[in-house]
2 protein chains.
Amino acid sequence: MTDPAPGRRRRDAAATRQAILDAAVAAFTRHGYDGVGVREIAQSAGVTAMLINRYFGSKERLFAEAVDVAFAPRTVIAGTGAELPGETARALVRRTAPEAEELGPFLLMLRSAANPQAARIMREAIALHAGRHLNEELCGPDAGVRAELMLSVQAGVWLMRRVLGTTALAEAEPEKLAERLESLFGLLAEGGSPQPARRPLAEGGSPQPARRPLAAAPPEG
Amino acid sequence: MTDPAPGRRRRDAAATRQAILDAAVAAFTRHGYDGVGVREIAQSAGVTAMLINRYFGSKERLFAEAVDVAFAPRTVIAGTGAELPGETARALVRRTAPEAEELGPFLLMLRSAANPQAARIMREAIALHAGRHLNEELCGPDAGVRAELMLSVQAGVWLMRRVLGTTALAEAEPEKLAERLESLFGLLAEGGSPQPARRPLAEGGSPQPARRPLAAAPPEG
DNA sequence: TGGCGAAGTCTACGACTGTAGACATGGCTG
DNA sequence: CAGCCATGTCTACAGTCGTAGACTTCGCCA
């Protein structure tokens, strides 16, 4: 994986550092923080284990940088506006398909959560990346809670479908599964208070008092 | 933790075996499969590491028995019938509170998911325990998928709130969080096809067309 | 072309892992 | 009281872990 060196990489500090970082992201995603050693990562990058300590200081700091790389893209949330729930649900179902080879931040998160230090690093990364990105899309009351609940649902589906591989979810029809998840995400994307009709004390008889969490419909269909 | 031996346990094979098993459940739940060694488990049980191999054959088989013990109680799903979503949501919020000391099968699941062998053991245990229990409560179309989706949501909340400790969910007001989760579980508890009216196209006619996920309102507010 | 600093490697250490085999010990039965 | 087998412990082994220090090699610049 991640071919070590095509012709033999010459002495290029930046390229070597990047090769180590790429190998670390892949390795941590596949096996988790405790499941992979620095020797294995170094071999994937085509270098020696000691170079990891030279460039990153320690395995823990390498992990922190790998987490930053893996959590940076906003692919965890797909689509904008009214299409956010559907797009996110369909992307989630597609990427967690049993035959999919795609990696992603959720696999890294789930497989490294057991280690307390790794958990702390990821908590801080989530506060930086995912929280910021999601708050751009979600507005309304409790946007932070709803954003993290969307992440929770996605993480749970990744866990069951890809990490554990439970039967029902693995064999479910993708379209119907995506529709169910879309309804869940729709409930979290809209900013209204939960269960509008069942809360008698909620002011306002209209079940959707503030239904404009999305500024404008995006141009693309 | 789990005081090794009050006065000094005499030679009692069954009690010793049970002590090892109890210590294993606690240790695997706290640190995950790869995060704890057999010596540590044995010390918690007040015995020597080799006795684990004598009674269970290997660390992996001890883990399998611990998983069976941890997954056996049906506490992952609370309440019955119409009160299932609310009861499950409130129990989930209570047990995942940051100050809660309670352990549980989801912590064991999340913290051991990185190891492939542990994942396989837990997949089989879920197929036995959780699937059977949940299918007793949930009926209708795609009951298995909906059951595993309920497990997914719960696992995600456990991950974010207790394992990672993300800020928004950790600091959320328990009552409002429980209401949001209750609406999610209500969507999964009812057997109807997802998105009854929003599927044709998101024309904003009636936002809440069919909203009777629960037969009767639970007594408590 | 020489040399010098950066880039990369080699060896090794101490700690830890799961487990196999040999050894010790105590409670029950004759 | 004697013996014996289940119960439990001790020592050890082969392996892996992260990483510190010394060493070598290459590329650039004067």
Side-chain angles (χ1 to χ4, degrees), chain A residues 4-24 27-28 30-67 111-112 114-118 120-121, chain B residues 4-24 27-28 30-67 111-112 114-118 120-121:
Chain A
R8 187 62 179 175
R9 180 180 49 249
R10 302 219 311 275
R11 312 188 132 212
D12 187 339
T16 299
R17 203 189 129 98
Q18 189 62 42
I20 293 174
L21 197 51
D22 293 342
F28 286 140
R30 266 187 250 267
H31 309 111
Y33 181 82
D34 288 324
V36 71
V38 290
R39 286 172 175 83
E40 190 175 346
I41 296 173
Q43 190 177 15
S44 288
V47 296
T48 317
M50 270 314 299
L51 221 55
I52 288 181
N53 268 343
R54 259 178 110 69
Y55 279 126
F56 297 91
S58 68
K59 182 189 182 185
E60 185 178 327
R61 279 192 278 196
L62 170 64
F63 179 77
E65 289 213 30
V67 165
R111 292 196 169 126
S112 302
N115 189 289
Q117 309 181 30
R120 173 183 49 80
I121 290 170
Chain B
R8 187 62 181 174
R9 182 182 46 250
R10 300 212 316 272
R11 316 187 128 211
D12 186 338
T16 300
R17 203 190 129 97
Q18 191 61 42
I20 293 174
L21 197 51
D22 292 343
F28 286 139
R30 267 187 250 266
H31 308 110
Y33 182 81
D34 287 325
V36 70
V38 290
R39 285 171 175 83
E40 190 175 346
I41 297 173
Q43 191 178 14
S44 288
V47 297
T48 319
M50 270 314 300
L51 222 56
I52 288 182
N53 268 342
R54 256 178 117 66
Y55 279 125
F56 297 91
S58 67
K59 182 189 182 186
E60 184 178 326
R61 280 192 279 197
L62 170 64
F63 179 77
E65 290 212 29
V67 165
R111 290 192 169 130
S112 302
N115 189 288
Q117 308 181 30
R120 173 183 50 80
I121 290 170

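Throughout, a chain's letter reflects where its sequence line sits, starting with A, and its residues are numbered from 1.
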Let me know the distance between [atom1] of [X] and [atom2] of [N], rounded to the nearest Å.
X         : N       : atom1 : atom2 : result
Ile20(A)  : dG8(C)  : CD1   : C1'   : 10 Å
Asp34(B)  : dG18(C) : CG    : C1'   : 12 Å
Asn115(A) : dG18(D) : CG    : C1'   : 13 Å
Lys59(A)  : dA20(D) : NZ    : P     : 15 Å
Glu40(B)  : dG18(C) : CD    : P     : 10 Å
Gln43(B)  : dC10(D) : CD    : P     : 12 Å
Asn53(A)  : dA12(C) : CG    : C1'   : 15 Å
Arg17(B)  : dG8(D)  : CZ    : C1'   : 16 Å

Measuring only between side-chain heavy atoms, which start at C-beta, is [X] closer than 4.5 Å to [Y]?
X         : Y         : value
Glu60(B)  : Ile121(B) : yes
Gln117(A) : Lys59(A)  : no
Leu21(A)  : Phe56(A)  : yes
Phe28(B)  : Val67(B)  : no
Met50(A)  : Asn53(A)  : yes

(Q) Looking at the base of dT16(D), is there any donor atom on it, or on the side chain of Arg39(A), that sits under 3.5 Å from an acceptor on the other one? (A) no
Can you identify which nucleotide, out of [options], has its nearest atom closest to the [X] side chain?
X        : options                 : value
Leu51(B) : dT9(D), dT7(D), dC26(D) : dT9(D)
Met50(A) : dT11(C), dT9(D), dT7(D) : dT11(C)
Thr48(A) : dC10(C), dT7(D), dA6(C) : dC10(C)
Arg54(B) : dT9(C), dT7(D), dA7(C)  : dT7(D)
Arg11(B) : dG26(C), dT9(C), dA6(C) : dG26(C)

**Q.** Side-chain N or O of Thr16(A) closer than 4.0 Å to phosphate OP1/OP2 of dG8(C)
**A.** yes
(Q) Using a heavy-atom cut-off of 4.0 Å across all strands, would you classify Phe56(B) as base, sugar-phosphate, or nothing? (A) nothing
